A.B. asks: 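This is the structure I have questions about; it appears just below.
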Amino acid sequence: MPTVGLFERLLAPADTLPATDRFWYGELGETLDNPAGIKVTPENALQIAAFHAAVKVRSEDIASLPLPLFRRQPDGRGKDRVTDHAAAERMSFGPNEWMTPFEYREQVEVHWAIRGNAYGRILNTPAGEFDGVIPLNPARMTVEQLPSRRLRYTYRDRDGHEHVFVQDEIDHHRNMTLDGIVGLSLVGLARRSLGLTVAAEEYGARSFKNDPHLSVVLKHDKVLSDDANKRIASSFRDARTGPDAAWTPAVIEEGMDLTTVGVTSKDAQFLETRDHQLLDTGRWVRMAPPKLGDYSRATYGNVEQAQISHVGDVVRPGAERREQSLNRAWLTQRERREGLFFEHLLEGALRGDIETRYKAYQIAVLTGWMSRNEVRNLENLNAEPGLDELLVPMNMANATDAGGGQALAFLPGGPQLVDQRAMSSARMIVEEVSAGVVRKEVAAVTRIARKHADSEAAFREELESFYDDHYEHVSNALQLPPRAARSYVDAQREAVVDGGVAVTERWNEERPAELVTLAIGTVTA
């Protein structure tokens with residue numbers, strides 16, 4: 001295929017080069033085809049507040065996750081941590097002699113985010129064992145696929161010398177790709193949107209520097225001389241300038257009128273553009289506004305939901321990418337066959353407030369699917385003797401082996417035979433949590449009804465807002481599936497809308513039992 005020259009590329013219309021052409025994802029290509037006329041490169045893109053926040057949040061969140069090395073147990077049903085392996089030691093103490101594990105993993109995420117690729121040179125001992133990684137600048141790397149279908153990496157160092165590496169010598173993390181060889185640059189893909197953001201910022205900066213807008217206008221019914229205009233303007237400015245002038249009355253002489261000038265429709269449209277660009281940047285990086293520092297529409301419920309969505313939509317896919325790349329680059333094929341693998345621990349990213357977390361631990365321990373030492377480990381506490389036993393499963397049996405002292409409980413996963421005393425203790429905890437949930441609901445509905453006693457429309461509007469948040473509280477407090485929590489809350493809302501606040505009079509006595517049934521089911525002997 002003939003090579004397209006630089007001038008041909010520059011002069012050609014934008015649609016003559018396919019989107020897969022790497023030219024568009026280099027530093028020069030990122031400055032072209034940009035209607036805003038703004039040069040956008042991976043480096044200056046980080047000066048955009050929203051994009052910088054997105055890259056920082058993502059890179060720090062993934063880099064801060066624990067990333068142990070595991071070995072699968074022979075039966076395939078469990079895994080054990082591995083600490084006596086060079087890859088595990090490098091992941092714990094540093095991939096090279098000058099970087100911490102967090103710094104290296106953070107740099108990988110930043111390079112991946114702004115350039116679509118992150119590279120590291122694999123170091124081996126004289127015996128051929130893994131010995132660390134040295135990060136490489138992705139702007140200086142060229143990747144090509146050989147006839148053997150393996151990849152060859154050519155790296156140009158700061159002195160202009162080229163170094164050629166084979167596929168097994170490079171730790172390569174790529175973004176989504178169209179050719180399977182190099183990842184697409186996010187900055188290159190979003191150059192129009194980011195260019196508009198930069199243009200809006202520059203417009204705002206120039207407007208503040210050369211602000212022609214008037215905030216106050218003094219009107220007179222006669223034509224004043226230049227000296228009179230200057231004297232009146234100077235007198236008014238001097239009287240209204242400085243901290244001592246705050247809240248002092250203005251004295252307008254000679255029957256003049258004073259008019260204040262607010263934000264013009266053009267100014268308001270500019271502010272809307274800035275808000276839109278923050279939302280647009282969030283779409284590119286799949287982040288909700290609160291994760292980018294915008295809490296203008298935030299509530300307790302949607303901020304918590306944004307964190308859960310962030311883990312599922314941003315952190316989890318990124319962690320999966322890193323695990324697979326590390327397993328390929330840091331471990332040999334023989335070690336992978338022996339069951340070694342890296343895996344992020346995402347539980348920490350989903351930790352709720354301390355009260356909710358401890359109640360969830362109580363339910364998990366007393367219903368038998370977590371041990372007390374597993375809970376201590378999640379809270380960064382050392383294991384204690386005698387706390388490794390699972391409380392309920394020790395008394396469980398098959399349905400055909402039902403015996404004295406056991407009851408059929410409809411727990412998550414299906415009907416199970418459990419010890420009645422353990423089930424009774426768990427039920428007492430759930431009953432207490434359920435009662436608290438109902439008390440909070442009744443108090444909120446009563447408060448809203450009193451606040452909007454003279455406006456049914458306002459009452460319904462705030463009621464809808466409360467129940468939108470209350471649904472997540474019910475789901476988290478009782479560990480209910482979202483669908484079950486939503487069904488319960490919708491029924492509660494409809495009851496209030498149809499019957500008014502009076503329907504809540506007996507809820508504190510009646511509703512906790514309903515929530516208990518939703519949480520742990522009906523227990524029968």
Side-chain angles (χ1 to χ4, degrees), residues 288 299-317 320 345-371 374-375 378 390-393 396 399 407-418 422-442 444 464-496 507 510-524:
T299 65
Y300 173 82
N302 63 26
V303 169
E304 187 176 17
Q305 187 60 43
Q307 173 62 17
I308 296 174
S309 299
H310 175 68
V311 174
D313 297 339
V314 178
V315 176
R316 184 191 58 78
E320 185 71 22
L345 303 182
L346 294 176
E347 291 86 354
L350 292 169
R351 290 158 65 98
D353 63 88
I354 189 169
E355 181 181 5
T356 302
R357 193 164 74 248
Y358 283 4
K359 288 178 180 177
Y361 288 154
Q362 287 180 314
I363 296 173
V365 168
L366 293 177
T367 54
W369 59 274
M370 285 186 71
S371 72
E374 287 174 330
V375 171
L378 291 177
L390 297 174
L391 297 183
V392 174
M396 290 173 63
L408 183 64
F410 294 88
L411 297 172
Q416 298 172 359
L417 287 167
V418 301
M423 194 64 202
S424 177
S425 299
R427 189 180 185 90
M428 290 175 60
I429 295 173
V430 177
E431 286 175 349
E432 181 180 352
V433 175
S434 300
V437 169
V438 175
R439 285 196 299 270
K440 175 183 177 181
E441 179 183 8
V442 171
E464 291 289 332
S465 177
F466 164 74
Y467 274 112
D468 284 342
D469 293 340
H470 188 60
Y471 139 72
E472 295 174 8
H473 175 65
V474 172
S475 178
N476 293 332
L478 294 166
Q479 299 297 293
L480 289 178
R483 182 176 297 178
R486 174 62 73 183
S487 177
Y488 169 82
V489 168
D490 287 346
Q492 294 288 93
R493 180 197 292 112
E494 291 176 5
V496 176
W507 278 7
E510 298 173 349
R511 290 297 187 266
E514 182 177 345
L515 285 174
V516 170
T517 301
L518 286 174
I520 62 174
T522 303
V523 180
T524 60

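What you see below is based on every heavy atom in this structure, not just the backbone, and it leaves out hydrogens, waters and symmetry mates. If you're wondering where the values come from, they're calculated on a predicted model, not measured in any experiment.
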A.B. asks: Roughly how far, to the nearest 0.5 Å, is the NE2 atom of H473 from the CZ atom of F466?
C.D. replies: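 Going from CZ on F466 over to NE2 on H473, the span is 8.0 Å.
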
A.B. asks: Looking at side-chain heavy atoms only, is the closest gap between V437 and H470 below 4.5 Å?
C.D. replies: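 In contact.
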
A.B. asks: Can you tell me which residue among T517, V433, V438 is in a side-chain contact (heavy atoms from CB on, under 4.5 Å) with P512?
C.D. replies: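 The passing option is V438.
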
A.B. asks: What are the two closest heavy atoms between V489 and Y471, and how far apart are they?
C.D. replies: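 What the structure gives for the nearest pair is CG2-CA, 3.6 Å.
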
A.B. asks: Do you know the tightest heavy-atom contact between W507 and A495?
C.D. replies: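 W507 and A495 have their closest heavy atoms at CZ2-CB, 4.2 Å.
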
A.B. asks: Got Q362 and V375 here, is their nearest side-chain heavy-atom distance under 4.5 Å?
C.D. replies: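 Side-chain contact under 4.5 Å: no.
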
A.B. asks: Would you name the heavy atoms of Y488 and V474 that are closest together and state the gap between them?
C.D. replies: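 Smallest interatomic distance, heavy atoms only, reads CD2-CG1, 4.4 Å.
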
A.B. asks: I want to check something: taking the side chain as every heavy atom from C-beta on, are R511 and E441 in contact at a cut-off of under 4.5 Å?
C.D. replies: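 Side chain of R511 against side chain of E441, heavy atoms only: no contact under 4.5 Å found.
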
A.B. asks: If you measure from CG on L390 to CD on E374, what distance do you get to the nearest 0.5 Å?
C.D. replies: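 Atom-to-atom, L390:CG and E374:CD are 6.5 Å apart.
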
A.B. asks: In Å and rounded to the nearest 0.5 Å, what is the CG to CD distance from L515 to E431?
C.D. replies: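 Reported value, rounded in 0.5 Å steps: 11.0 Å.
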
A.B. asks: Tell me if the CZ atom of R316 is crowded by more than 12 foreign heavy atoms within 6.0 Å.
C.D. replies: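 Not more than 12 within 6.0 Å, no.
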
A.B. asks: Counting distance only, does the side-chain N/O of S475 pair as donor-acceptor with the main-chain N or O of L480 below 3.5 Å?
C.D. replies: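 Looks like yes, one N/O pair under 3.5 Å.
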
